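Below is one structure, written out as structure tokens; the observations come after it.
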Amino acid sequence: MTHDFDPLQPETFDSANGEYAELRARCPVAHSDTWGGFWALMKHADVAAAATDWQTFITSKQNVVPKVAFTGRRPPLHLDPPEHTPYRRAIAPLLTERKVARLEPVVRRICRDLLSDVVAKGGGDVVADYSAHMPIAVFAHWMNLTNDAVAELTRVGQRYNIAVQSADMDATKESSLLLYDMARGIVADRKANPLPVDEDVTSALLATRVDGEPLPEEMIVGTIRQVLVVGIIAPSVMIGSIAVHLGRDQVLQAKLRADPALIPAAVEEFLRLYTPYRGFARTAVTDVTIRGRTIPAGEPIALVYASANRDDEVFEDADQFRLDRPNMKDSLAFGRGTHSCVGAALATLELNIAVEELLAAAPGFTLTGEPKPTRFPEIGALSVPVAFEAVGVEAAA
Ligand code: HEM
């Protein structure tokens with residue numbers, strides 16, 4: 001099998017996008033020998049079709065490249081229908097737009113608290129000081145965790161994130177097991193003290209019945225373990241990438257600061273342009289031939305959402321930021337089909353407020369160094385050094 005690209009090559013913040021543009025043109029169904037070998041779909045049409053056809057492209061074998069799930073199945077992402085359905089149904093009502101809108105003041109307070117320290121210092125790292133913390137705090141609130149559990153999740157969640165990003169398999173395993181312990185603790189606590197099912201995801205999972213039977217407890221623990229991580233890494237990376245873009249484009253930065261009503265549309269476009277995932281995976285149950293290339297049954301296939309969303313065949317001038325794109329519904333930032341992001345409304349709320357508060361915190365900010373990129377399975381910013389203009393500077397100028 002050919003080795004069309006190496007995901008372990010050193011990258012800059014922007015370089016993967018150039019490489020993916022080249023692969024889309026030259027080798028849109030690519031193969032890499034890295035991590036035991038995997039395929040990568042680079043074109044929008046192919047990624048969308050595979051995500052939609054869950055009967056052929058299953059997730060229950062390997063749901064991410066590189067494979068990091070050593071520790072059991074974690075619904076809903078690791079299951080195919082019909083097993084997937086009850087977990088998704090239990091979670092989804094707690095993540096509707098209406099439900100998460102109530103978290104707005106909490107998100108705003110968390111953002112302001114984090115930013116006030118960084119702005120007071122005149123600058124810092126948008127990711128390490130801001131975006132890596134905010135989603136964890138919001139998430140802990142959404143899950144009704146105690147203050148102690150929030151502190152623990154912050155600590156372990158960050159360790160897990162760093163371990164995955166640095167491809168340190170031993171540390172990934174170790175922190176994954178700690179997250180499992182946390183999930184087990186949360187489930188035990190809700191069993192003893194249930195909360196209303198329309199307010200608490202763990203209680204909703206515990207109350208779910210399939211043919212009169214409760215869901216297996218280990219699978220409920222797996223679900224909690226899944227959402228503990230899936231909901232915290234992508235927003236952190238995304239906010240970092242948005243800060244890079246706004247640091248480079250001072251005109252857009254000033255425009256959004258002056259007119260925050262434009263921020264939701266800008267965030268949608270940022271989600272397309274800096275789609276934070278490239279490694280969600282499927283496995284075909286039969287041999288499949290795409291664009292003349294045959295992928296044998298049983299081999300992992302990465303759906304490179306980040307590449308699909310910069311496909312010129314779907315998005316005109318795809319590498320450019322545009323506020324007024326007519327076809328934003330084609331964006332695959334939140335995936336598509338059965339496993340599409342159930343947390344999209346919460347993620348969007350977090351991103352909108354995070355950007356609003358970042359812009360409101362000071363009259364301006366600039367990049368003070370090269371942003372550091374994340375690695376597979378994410379793509380985006382891991383570190384974004386910035387300096388904030390002092391309040392009053394603009395008025396005095
Ligand atoms: C910028 C933020 C986010 C982005 C871009 C994002 C993106 C995605 C994508 C692309 C998928 C599809 C995975 C696949 O195709 O295999 C997904 C699934 C999922 N996301 Fe998100 N996500 C974000 C934030 C969140 C948040 C805040 C939550 C909170 C609960 C969340 C929960 C989930 C869950 C549970 C799944 C699995 C759904 C299923 O298998 O049915 N995500 N996400």
Side-chain angles (χ1 to χ4, degrees), residues 41 47-54 57-65 69 73-81 83-96 99-100 103 107 131 134-143 157 201-202 204-205 222-242 267-268 270-283 300-309 331-355 374 377-381:
L41 303 182
V47 172
T52 310
D53 180 3
W54 58 266
F57 297 90
I58 61 170
T59 67
S60 49
K61 194 148 178 245
Q62 176 169 347
N63 75 298
V64 73
V65 169
R73 295 197 299 162
R74 301 196 286 266
L77 198 51
H78 296 195
L79 302 183
D80 298 307
E83 233 192 324
H84 165 266
T85 313
Y87 297 91
R88 174 98 187 189
R89 280 204 185 130
I91 298 172
L94 289 142
L95 286 166
T96 60
K99 265 266 145 62
V100 302
L103 289 173
V107 181
S131 70
M134 182 277 276
I136 300 180
V138 172
F139 203 70
H141 198 92
W142 174 72
M143 289 205 56
V201 68
T202 317
L205 286 159
T223 310
I224 299 305
R225 160 65 186 79
Q226 177 71 271
V227 289
L228 281 180
V229 168
V230 80
I232 60 182
I233 296 181
S236 163
V237 169
M238 259 316 294
I239 294 162
S241 298
I242 294 173
V267 162
E268 267 196 65
F270 285 134
L271 274 162
R272 181 194 68 79
L273 202 52
Y274 299 104
T275 303
Y277 285 121
R278 49 180 160 181
F280 277 122
R282 301 290 187 270
T283 305
I301 307 168
L303 310 186
V304 188
Y305 289 124
S307 168
N309 266 349
S331 171
L332 293 174
F334 289 118
R336 184 165 288 184
T338 316
H339 294 281
S340 68
C341 185
V342 70
L346 178 58
T348 305
L349 178 83
E350 288 181 6
L351 296 176
N352 285 340
I353 297 176
V355 173
T374 57
E378 282 91 33
I379 179 169

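Order of listing sets the numbers, starting from 1, for every ligand and every atom in it. Note that the coordinates shown come from a computational prediction; the quantities given were computed from them, not determined experimentally. What you see below is based on every heavy atom in this structure, not just the backbone, and it leaves out hydrogens, waters and symmetry mates. All residue numbers in this chain count up from 1 along the given sequence.
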Which residue and atom name correspond to the protein heavy atom nearest [atom], and how close is it?
| atom | result |
| --- | --- |
| atom 24 (C) of ligand 1 | Ala347 CB, 3.6 Å |
| atom 35 (C) of ligand 1 | Val342 CG1, 3.4 Å |
| atom 40 (O) of ligand 1 | His339 ND1, 2.7 Å |
| atom 19 (C) of ligand 1 | Cys341 CA, 3.7 Å |

For [X], atoms of ligand 1 separated by under 4.0 Å from a heavy atom:
| X | result |
| --- | --- |
| Ala333 | 5 (C), 7 (C), 10 (C) |
| Tyr305 | 10 (C), 14 (C), 15 (O) |
| Phe139 | 29 (C), 30 (C) |
| His84 | 39 (C), 40 (O), 41 (O) |
| Tyr277 | 6 (C), 7 (C), 8 (C) |
| Pro276 | 5 (C) |
| Leu77 | 13 (C), 16 (O), 37 (C), 40 (O) |

Exercise for the section: Look at ligand 1 and say whether Thr338 reaches it with a heavy atom at a distance under 4.0 Å. Expected result: yes
Problem - Test item, Tyr87 contacting ligand 1 (heavy atom, 4.0 angstrom) - result: no
Problem - Under-4.0 Å heavy-atom contact with ligand 1, by part of Phe280 that carries it - result: side chain
